[in-house]
Amino acid sequence: MHRFSHIYFLVVMLFVASIACSFPGQVIFDTDMISTAAAQTVIASLTGIAPQETSSLASSTPLPPTLTSTITLTFTPVFTATSTIAQVTVSVDTNCRVGPGVVYARVGALLVGEVAEVVGRDPTGKYWFIRNPDSNSGFCWLWGEYAVLTGSFQNLPIFTPPPTPIQTFTPTFTPTFTSTPTSSPNFTLSYDGLDTCSGWWLEVRVKNTGSLPFRSMEFIIKDTVTGVRHTAVTNGFEDLDGCSSNTSKDVIVSGDEFVISSPIYSYDPSGNKMRVSLTLCNRNNQKGTCVNRSLIFQP
């Protein structure tokens, strides 16, 4: 009992001393602090162990976690520019004419493996108006049956076709009312070989299967691999026989055969795809009645 009285006295004295130190200012009593100090003093007197200094904060507040920024890479797609020019190829060699139909004259052909620019179409959508593959500046109409188009062809302009050729038939009647057939030209065309001397040339064999003779020609030959194109326009026909001799003929009559030599190439075209367009006429200077044949071969 005496021991606890002594402890109580010490607590009271400590409280009075704290008031004296704070005077004359405003005194603010912290009841928690007093209670804690008193409790520590009691524990010290009982155990003989000095009270440890404690933090004024019951527990430390943890620091907020450090945020690590993540960089997201955005990839911009790279677009490859494509041609906006409408182009056409064919799966079957197709004639090209001055108008959209077989009644118009043939002025060229688009072969398998060739590409031509498309500039328009006819109102029916069955024919395409293209750059003539056989002419550097001309245009012609291509049947669309075997055509494959690429590029911007959906909005191609519609071109008005030229007037249909007027065909006048004048039958000749005899008193017995039988018609007199008119003469017509015709011929067959085949590849005959490759020859060389000073340069190289191709040879084709012609057989006149019509009723009219042939006196002049237009010979066009194109190497579809290199793009080299030669044209020969002549009266009469010539066969170059290597370096030894030449054979000429002014007229190829009905039923006759003759080998015609192409213009000369400065390189060996062996293995290249060659395209021949041969027009024969029954008069000189490519006049009179004419007929055309085309041929594709690989020497």
Side-chain angles (χ1 to χ4, degrees), residues 72-167 189 191 202 218-233 262-263 265-267 269 271-279 290-299:
T72 303
L73 298 179
T74 302
F75 295 95
T76 303
V78 178
F79 298 96
T80 302
T82 57
S83 175
T84 58
I85 298 176
Q87 295 181 321
V88 62
T89 59
V90 289
S91 57
V92 175
D93 296 339
T94 305
N95 288 329
C96 206
R97 302 177 181 275
V98 296
V102 295
V103 297
Y104 295 90
R106 176 191 174 280
V107 291
L110 184 64
L111 305 182
V112 175
E114 292 184 327
V115 180
E117 179 185 354
V118 185
V119 297
R121 61 184 178 90
D122 78 319
T124 67
K126 295 181 180 180
Y127 283 82
W128 303 100
F129 194 57
I130 70 171
R131 289 191 179 275
N132 189 345
D134 293 326
S135 173
N136 294 330
S137 60
F139 296 86
C140 57
W141 291 89
L142 180 79
W143 188 31
E145 178 70 16
Y146 307 107
V148 177
L149 275 78
T150 58
S152 301
F153 61 87
Q154 293 86 354
N155 297 321
L156 286 172
I158 297 175
F159 290 169
T160 302
T164 303
I166 299 176
Q167 297 180 350
L189 179 65
Y191 172 60
L202 287 305
E218 180 186 55
F219 194 134
I220 301 174
I221 184 167
K222 179 180 180 181
D223 186 333
T224 63
V225 176
T226 64
V228 176
R229 179 175 180 265
H230 291 310
T231 301
V233 180
S262 75
Y265 282 86
S266 61
Y267 61 92
N272 293 354
K273 186 178 181 181
M274 310 299 293
R275 170 185 171 190
V276 169
S277 175
L278 181 64
T279 302
C290 301
V291 62
N292 174 272
R293 294 287 179 268
S294 297
L295 181 65
I296 300 173
F297 58 88
Q298 189 173 14

### Task
Could you tell me whether the side chain of S262 reaches within less than 4.5 Å of the side chain of V276, counting heavy atoms only?
no
### Query
Within the distance-only criterion (no hydrogens, no angle test), does the side chain of Q298 pair as donor or acceptor with the backbone N or O of G271 below 3.5 angstrom?
yes
### Query
Pick one: which of V233, T279, L278 meets side-chain contact (heavy atoms from CB on, under 4.5 Å) with F219?
L278
### Query
Name the one of D134, V98, I130, N95 that satisfies side-chain contact (heavy atoms from CB on, under 4.5 Å) with C140?
I130
### Query
Got a second to check how far L295's CG is from L202's CG, nearest 0.5 Å?
9.5 Å
### Query
Measuring from R131:CZ to L110:CG, what's the distance to the nearest 0.5 Å?
14.0 Å
### Message
How long is the straight-line distance from SG of C290 back to CD of E218, given to the nearest 0.5 Å?
### Response
9.5 Å
### Message
Quick one: does any side-chain atom of Y104 pair with a main-chain N or O of P162 as donor and acceptor, under 3.5 Å?
### Response
yes
### Over all atoms of both residues, closest heavy-atom pair of C96 and L142
SG-N, 4.2 Å
### Query
Do D223 side-chain atoms and P269 backbone N/O form a donor-acceptor pair below 3.5 Å?
no
### Query
Say you draw a straight line from CH2 of W141 to NZ of K126; how long is it, rounded to the nearest 0.5 Å?
14.0 Å
#### Entry: Qualifying residue for side-chain contact (heavy atoms from CB on, under 4.5 Å) with T89, from V148, L111, T150
V148
### Query
Which atom pair, heavy atoms only, marks the closest approach of I158 to D122?
CG2-C, 4.0 Å
### Query
Can you name the nearest heavy-atom pair linking K273 to V225, along with the distance?
N-CG2, 3.8 Å
### Message
Using every non-hydrogen atom in the two residues, find where I221 and Y265 come nearest and quote the distance to one decimal.
### Response
O-OH, 3.4 Å
### Closest contact, heavy atoms only, R275 versus P133
NH1-CB, 4.2 Å
### Task
Applying ring pair (Phe, Tyr, Trp, His ring centres under 6.0 Å) between F129 and each of W143, F159, F153, report the one that passes.
F159
### Task
Mind listing the closest non-hydrogen atom pair of N292 and S277 along with its distance?
ND2-OG, 3.1 Å
